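Note that the coordinates shown come from a computational prediction; the quantities given were computed from them, not determined experimentally. No hydrogens, no waters, no symmetry mates; every other heavy atom, side chains included, goes into these values.
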2 protein chains.
Amino acid sequence: MATIKDVAKEAGVSIAAASLALNGKGSLSEETRSKIIEAAERLSYKPNALAKGLVTNNKINTVGVIIPKPGTEFLPFVGMDILSGVGEVASEKKYNMLLDWEDGLGGSKVLDLVQSGIVRGLVFFVPLNDVKTFRTLNDLNFPYVLMSRPPEGVYCSWVDVDNADASYQATVSLIKSGHTRIAYSSPAPMDYLVSGDRHSGYRQALLSHNLAYDESYVSIGDGDIQSGKRAMEQFLSLNEPPTALIAGSNLQAIGMIESLKERGLDHREKAIITFDDSPLAESYGISAIHIPTNLIAKESTRLLMKRIANPRRIEPESIVIGAEFIIRSTFVPVR
Amino acid sequence: MATIKDVAKEAGVSIAAASLALNGKGSLSEETRSKIIEAAERLSYKPNALAKGLVTNNKINTVGVIIPKPGTEFLPFVGMDILSGVGEVASEKKYNMLLDWEDGLGGSKVLDLVQSGIVRGLVFFVPLNDVKTFRTLNDLNFPYVLMSRPPEGVYCSWVDVDNADASYQATVSLIKSGHTRIAYSSPAPMDYLVSGDRHSGYRQALLSHNLAYDESYVSIGDGDIQSGKRAMEQFLSLNEPPTALIAGSNLQAIGMIESLKERGLDHREKAIITFDDSPLAESYGISAIHIPTNLIAKESTRLLMKRIANPRRIEPESIVIGAEFIIRSTFVPVR
DNA sequence: CTGAAAGCGCTTACAG
DNA sequence: CTGAAAGCGCTTACAG
């Protein structure tokens, strides 16, 4: 493969001149410049990113995306939305995208990545926030952005919807349409920020409308269909089963509906609202709180790029994006 | 950040000795070696991958995954399955994973990647095969593996299911349960290998069982729900509508069922078999041809690793993986 | 068994 | 306006 040396020789100039011309820097005569460009094209020269990275900032132009290991905790639709958003903004800036996930072995993997120079910045979509890793990144003054509200004690840039508010609004709309027995099923363990925020919005809505908060109406789930079934069964076994449910994920909501069907009940027997929207929720006709994951990913990556472009430590920024409540056939007033 | 120079100084040895010790090479005294290792730990030294890559093979230890742009043509479940498979094998070998997709601007992006030294090998999951890119990769003797049967004229390693055979078997099982009017809806345009292979298996099954092949029973779709609806509407408008259908994707199959429902028909009105299996197909109760995407991804990456480890040109290998036919409630005998 | 030196492909002051 | 030189962080023959 051709190197810059070959290009210089082919064009009959010095290596430095070739570098300048190829990067559009310096003040070369138009003639020399085009002579060099032509030589590069003739040899189909592509710069070696490693050498370039080594000599500039010791980094390669790559953004790293950290997501949960596929198959756990989140819907593939969400994952792909994120990757597509990050990838789009990254590629606009001629950045590559590196994908990795937490492996349960602790955050050391992320730090390896950072120190090896393979990435210039990181975006995180990790439900359980690892404070220690973030602290270390802060100490290193390494650029990163969270696609979620940061955990207590971490000062950094982030982009997210207001989960508590979205949950509050959804609960209120159920109350307003006459429901008084409303259940909540979390998308993940309660120590996950997203679970806690949504739970507190739900609770707040009940209390501010003079409805009792009852723990037996709360189920702790994970992202899959089974956990939706379990939640529904738990709720149906109560003396006074809820008439409305807020599901933590599409698959959970589907599980709830399946559970209803298994008992020979209509899927509109209960009012069901799910977090996250997808073709799935649409085709099942499930009312959904649309979290604009793709937009969150894009905005996060934009913040990251801004931060990378600014070598000095700058103030973290945060963006709160609005969630949209989409009413479909599972939104039924109390009967 | 600490460099190898710092480590050498801290341990009181030469840079060469430090390099040897850190890489477990050369013959150093046990004492010197551990002295160096300890110094590295004390400084929390992480080697700079760029420098290392530059000096060894001009490449960084990264595998590139090329998939279609998210949101087009394929189910996120499939995409995540692939990423998870590639990532798992890659990380076993301490490789990073770089994600990219075709952008419709031609394959030059891939070649940039290759020549920049960012990846040591590529795995492709691309329905429409770009012969020119593959030829160039062959010329460069650059390691890559396809997660699909290669197109005509490309000689390379690949891993795939036998789509024609899977389609044949599914069609035969419909014939055996009494269907004579069987429709086929492709997952993509017909010039995609996967569409063509499945179509030819379907056609072959009909012909070898003395059933006529009728073009009005064939619909050309894409991966989404709408195309399933369209296909069903096309078929239902025929004088003799099919009694059984083979769908190209889960979403297509769901579209077919939705279309049935919209007309007030039971979803078991028709026998429906879908390609690809997912929680979706499971929860809808759609009979499915399970394509082990995750396994395909893993095996492909293993082949790639083998190829990378072997600097000399070696013979391409191919692996055909069996598809599994899973019968669910949409598999109904002819009425 | 260990050290000094060359070199991977590039960029960036610095001379001229 | 252009060239010679140093250097990014590492590894690998090659001396000793």
For this session: Compare the minimum distances between each of C:dC8, D:dT2, C:dC10 and the side chain of A:Lys52, then state the nucleotide with the smallest one.
Result: C:dC10
For this session: Kindly point out which of C:dT12, D:dG3, D:dC10 is positioned nearest to the side chain of A:Val13?
Result: D:dG3
Problem set entry | Sugar-phosphate, base or nothing in reach of B:Leu50, heavy atoms under 4.0 Å | nothing
For this session: Could you check which of C:dT11, C:dT2, D:dT11 has an atom nearest any side-chain atom of B:Ile15?
Result: D:dT11
Exercise. Between A:Lys25 and C:dT12, is there a side-chain N or O to OP1/OP2 distance below 4.0 Å?
Worked result: yes
Problem set entry | Close aromatic pair by centroid cut-off 6.0 Å: B:Tyr155 and B:Phe134 | no
Exercise. Over how many whole Å does the gap from B:Glu31 atom CD to C:dT2 atom C1' extend?
Worked result: 13 Å
For this session: Check every atom of C:dT12, C:dG3, D:dT11 against the side chain of A:Ser19 and return the nucleotide holding the closest atom.
Result: C:dT12
Exercise. Is the phosphate of D:dC8, meaning OP1 or OP2, less than 4.0 Å from a side-chain N or O of B:Asn48?
Worked result: no
Exercise. Given C:dG9, C:dG3, C:dT12, which nucleotide is nearest the side-chain atoms of A:Thr3?
Worked result: C:dG9
For this session: For B:Thr32 and for B:Asn58, locate the closest nucleotide of DNA chain C by heavy-atom distance; then report the residue assigned to the nucleotide nearer the 5' terminus.
Result: B:Thr32
For this session: Calculate the interatomic distance between A:Lys59 atom NZ and D:dG9 atom C1'; express it in whole Å.
Result: 12 Å
Exercise. Does the side chain of B:Trp158 come within less than 4.5 Å of B:Ser318's, by heavy atoms?
Worked result: yes
Exercise. What nucleotide, of C:dG9, D:dT11, D:dC10, holds the atom closest to the side chain of B:Leu54?
Worked result: C:dG9
For this session: Write down the distance between NZ (A:Lys35) and P (D:dC1), rounded to a whole number of angstrom.
Result: 14 Å
Exercise. Nearest of C:dT12, C:dG3, D:dT11 to any side-chain atom of B:Ser14?
Worked result: C:dG3
Problem set entry | B:Thr32 side-chain N/O to B:Leu28 backbone N/O, donor-acceptor pair under 3.5 Å | no
For this session: Please state how far atom CD1 in A:Ile60 lies from atom P in D:dC8, giving the value in whole angstrom units.
Result: 19 Å
Problem set entry | Polar side chain donor-acceptor pair, A:Thr136 to A:Thr133, under 3.5 angstrom | no
Exercise. Over how many whole Å does the gap from B:Lys9 atom NZ to C:dT2 atom P extend?
Worked result: 20 Å
Exercise. Taking the side chain of B:Ala17 as its heavy atoms from C-beta onward, which of D:dG9, C:dT12, C:dG3 lies nearest to it?
Worked result: C:dG3
Problem set entry | Euclidean distance, atom NZ of residue A:Lys5 to atom P of D:dG3 [Å, nearest integer] | 16 Å
Seminar exercise, completed: Of the listed D:dT11, D:dC10, C:dC10, the closest approach to the B:Ala51 side chain comes from D:dC10
Problem set entry | Among A:Lys5, A:Arg42, A:Lys35, the one residue meeting side chain to side chain donor-acceptor pair (under 3.5 Å) with A:Glu10 | A:Arg42
Exercise. So does B:Glu317 pair up with B:Arg307, basic N to acidic O under 4.0 Å?
Worked result: no
Problem set entry | Complementary nucleotide for C:dG3 - Watson-Crick or wobble, under 3.5 Å | D:dC14
For this session: Looking only at side-chain atoms of A:Thr56, point me to the closest of C:dT11, D:dT11, D:dC8.
Result: C:dT11
Exercise. What is the distance from CD of A:Gln115 to C1' of D:dG9, rounded to the nearest Å?
Worked result: 14 Å
For this session: Report the residue (B:Leu28 or A:Leu22) whose heavy-atom-nearest nucleotide on DNA chain C is the more 5′ of the two.
Result: B:Leu28
For this session: To the nearest Å, give me how far apart CZ (B:Arg33) and C1' (C:dT2) are.
Result: 12 Å
